[in-house]
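Down below is the structure, laid out as structure tokens.
A note on names: the letters A, B, ... follow the listed sequences, proteins ahead of strands, and every chain is numbered from 1.
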There are 2 protein chains.
Amino acid sequence: MAGNETGRRHSRDDVVEAALRILDDLGLPDLTMRRLAAALDVQPSALYWHFPNKQTLLAELADRIVAARRVPAAADPAADWRDAVRGEAAALRDALLAYRDGAEVVSSTLALGLGSPETVDRLARAVARGGFDLETSHRAATALLHFVLGHVSHEQQRLQYDSLGVLADGDRSPFDEDDPAAAFAFGVDLFVGGLELSRSRT
Amino acid sequence: MAGNETGRRHSRDDVVEAALRILDDLGLPDLTMRRLAAALDVQPSALYWHFPNKQTLLAELADRIVAARRVPAAADPAADWRDAVRGEAAALRDALLAYRDGAEVVSSTLALGLGSPETVDRLARAVARGGFDLETSHRAATALLHFVLGHVSHEQQRLQYDSLGVLADGDRSPFDEDDPAAAFAFGVDLFVGGLELSRSRT
DNA sequence: ACCTGAACACCGTTCAAGT
DNA sequence: ACCTGAACACCGTTCAAGT
């Protein structure tokens with residue numbers, strides 16, 4: 001149950017893996033230091049030998065979640081920059097969806113300035129292949145990232161509600177979306193289109 | 001200190017106003033039911049006569065924060081739809097910035113499906129003035145809303161860091177932005193441009 | 001209509017001490 | 001190198017009872 005069958009003590013990696021398991025099984029609100037410690041059969045204080053605090057642990061989880069994303073086929077340097085941007089965005093969405101509450105975990109550590117800048121950098125590089133300057137690429141990338149995180153957070157929240165059966169049929173807010181993948185693609189295309197237009201105007 | 005100088009007991013409105021004061025003075029993490037009760041000179045349990053739980057209280061705060069936004073001059077039905085969208089987005093940003101952690105409060109209640117759909121509806125109506133169908137307007141509005149909330153959350157997070165003096169000079173991540181208002185306008189224009197392009201293609 | 005008092009079941013974090 | 005034991009200073013929420 002503790003992910004370590006030999007009687008040995010835990011590594012930092014054991015802690016992270018147990019945390020990811022709790023996150024995926026129970027969700028972010030139930031990922032507490034005390035529950036994590038119990039899953040590892042140690043006292044809560046033992047976790048503070050591996051991580052200075054919970055935020056740092058969450059940042060590590062966020063990094064692993066986004067690092068697990070596939071490299072899009074559109075990363076092919078010969079591919080059109082629009083497809084590169086679409087591919088990066090889709091890969092990011094998939095990675096966030098791979099863990100329960102993944103978008104929230106990544107959002108929170110991003111807001112705190114923790115976590116690596118890799119995520120926004122990759123998006124910015126895809127945009128830059130359209131010939132945009134650094135600042136434009138960067139601004140577009142952060143705007144797109146905000147959309148992706150907001151969209152997937154919302155998507156995952158609905159998953160939870162639906163599984164809890166909280167919503168009576170037809171009790172859904174108009175803010176909800178029947179086809180999340182299509183709504184996502186539409187949003188991404190809005191960005192791509194906006195960039196395209198801004199270029200054709202210079 | 002309790003906002004009620006007569007010896008009378010508190011109304012639901014008193015509770016909300018005290019909560020908004022704590023939010024603005026101390027921030028969302030310090031807005032606890034116990035602290036709120038102390039500010040009103042009542043026991044924590046007293047709050048549960050006015051609100052069933054903390055989430056409902058936060059939803060009320062979120063509604064008040066967004067309801068306080070000015071109606072943009074561009075709401076003039078004769079104005080260009082692009083300016084209407086820009087105006088709504090800017091008014092929303094201003095409203096969120098008016099309270100400490102305003103964007104986070106609104107985000108959290110939006111994600112939970114609480115709070116009124118007014119916010120996304122207003123944006124959707126502005127978009128619809130460009131002649132887009134209902135679904136397109138709605139999708140564009142939610143995408144734009146996600147950008148606005150993500151952007152302002154990040155902006156407010158940085159305000160907090162700066163005021164705490166946590167960041168050594170030049171220690172800022174490339175995800176940060178020197179001119180938030182310009183970056184915001186750029187992001188909004190990306191949306192507007194994308195919509196414009198999508199229309200010119202039909 | 002609005003609140004008290006007391007309790008329940010939790011949190012994250014620190015720190016001296018142990019092996 | 002990794003963990004225990006005990007504590008500190010908190011949380012949100014419930015519920016019977018009071019005025």
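Among the nucleotides dA6(D), dC3(D), dA7(C), the one closest to any side-chain atom of His10(A) is dC3(D). Considering only side-chain atoms of Arg9(A), the nucleotide from dG12(D), dG18(C), dT4(D) that sits closest is dG18(C). When the nucleotides dG12(C), dG12(D), dC3(D) are ranked by their closest atom to the side chain of Val42(A), dC3(D) comes out on top. Among the nucleotides dT13(D), dT4(D), dC11(D), the one closest to the side chain of Pro44(B) is dT13(D). When distances are taken from the side chain of Asn53(A) to each of dG12(D), dT13(C), dG12(C), the shortest belongs to dT13(C). Taking the side chain of Trp49(B) as heavy atoms from C-beta on, and the options dA1(D), dA1(C), dT4(C), the nearest nucleotide is dA1(C). Considering only side-chain atoms of Gln43(A), the nucleotide from dG12(C), dT4(C), dG5(D) that sits closest is dG5(D). Of the candidates dC11(D), dT14(C), dG5(C), the closest approach to any side-chain atom of Ser45(B) belongs to dG5(C).
One atom, CZ of Arg35(A), and another, P of dG12(C), lie 10 Å apart when rounded to the nearest Å. One atom, CG of Leu47(A), and another, P of dG5(D), lie 15 Å apart when rounded to the nearest Å. Whole-Å rounding puts the Tyr48(A) OH to dC15(C) P distance at 13 Å. We find that NZ of Lys54(A) is positioned 16 Å from P of dC11(D), with the value rounded to whole Å. Atom CE of Met33(A) is separated from atom P of dT14(C) by 10 Å (rounded to the nearest Å). When rounded to the nearest whole Å, the span between CG of Asp30(B) and C1' of dC10(D) equals 12 Å. Note: CZ (Phe51(A)) to P (dC2(D)) measures 12 Å, nearest angstrom. Atom-to-atom, CG of Leu57(A) to C1' of dC11(C) comes out at 15 Å; the value is rounded to the nearest Å.
Remark: dT4(D) base-pairs with dA16(C); criterion is Watson-Crick or G-U wobble with both hydrogen-bond distances under 3.5 Å. In a base pair of the Watson-Crick type (N1 to N3 plus N6-O4 or O6-N4) or a G-U wobble (N1-O2 and O6-N3), with each distance short of 3.5 Å, dA9(D) is matched with no nucleotide.
Checked for salt-bridge contact, Arg64(A) and Asp13(A) meet the test: a charged N lies under 4.0 Å from a carboxylate O.
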#### Entry: Residues Leu145(A), Leu92(A); criterion side-chain contact (heavy atoms from CB on, under 4.5 Å); working and verdict
CA-CA 9 Å; Leu145(A) 182 56; Leu92(A) 187 56; 3.6 Å; yes
### Task
Kindly determine whether Phe51(A) and Val15(A) satisfy side-chain contact (heavy atoms from CB on, under 4.5 Å), including the steps that lead there.
CA-CA 9 Å; Phe51(A) 292 91; Val15(A) 177; 3.8 Å; yes
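Of the C1' atoms belonging to dC11(C) and dC8(D), the separation is 12 Å, rounded to the nearest Å. dC3(D) and dA16(C) have their C1' atoms separated by 13 Å, with the value rounded to a whole Å.
Look at His50(A) and you'll find a side-chain N or O under 4.0 angstrom from OP1 or OP2 of dC3(D).
Screening His50(A), Glu60(A), Glu17(A) for a side-chain hydrogen bond (donor to acceptor under 3.5 Å, both in side chains) involving Arg12(A) leaves a single residue, Glu60(A).
Checking Leu31(A) against Ala46(A), the closest nucleotide of DNA chain C that is more toward the 5' end is the one next to Leu31(A).
Ring geometry, His146(A) versus Phe147(B): the interplanar angle falls from 30° to 60°, so the pair is classed tilted.
Within the structure, side-chain hydrogen bond (donor to acceptor under 3.5 Å, both in side chains) pairs that include any residue of residues 81-95 of chain B comprise Arg70(B)-Asp94(B), Asp80(B)-Arg82(B), Arg82(B)-Glu196(B), Asp83(B)-Arg86(B), Arg86(B)-Asp189(B), Glu88(B)-Arg122(B), Arg93(B)-Glu155(B) (at least two apart or interchain).
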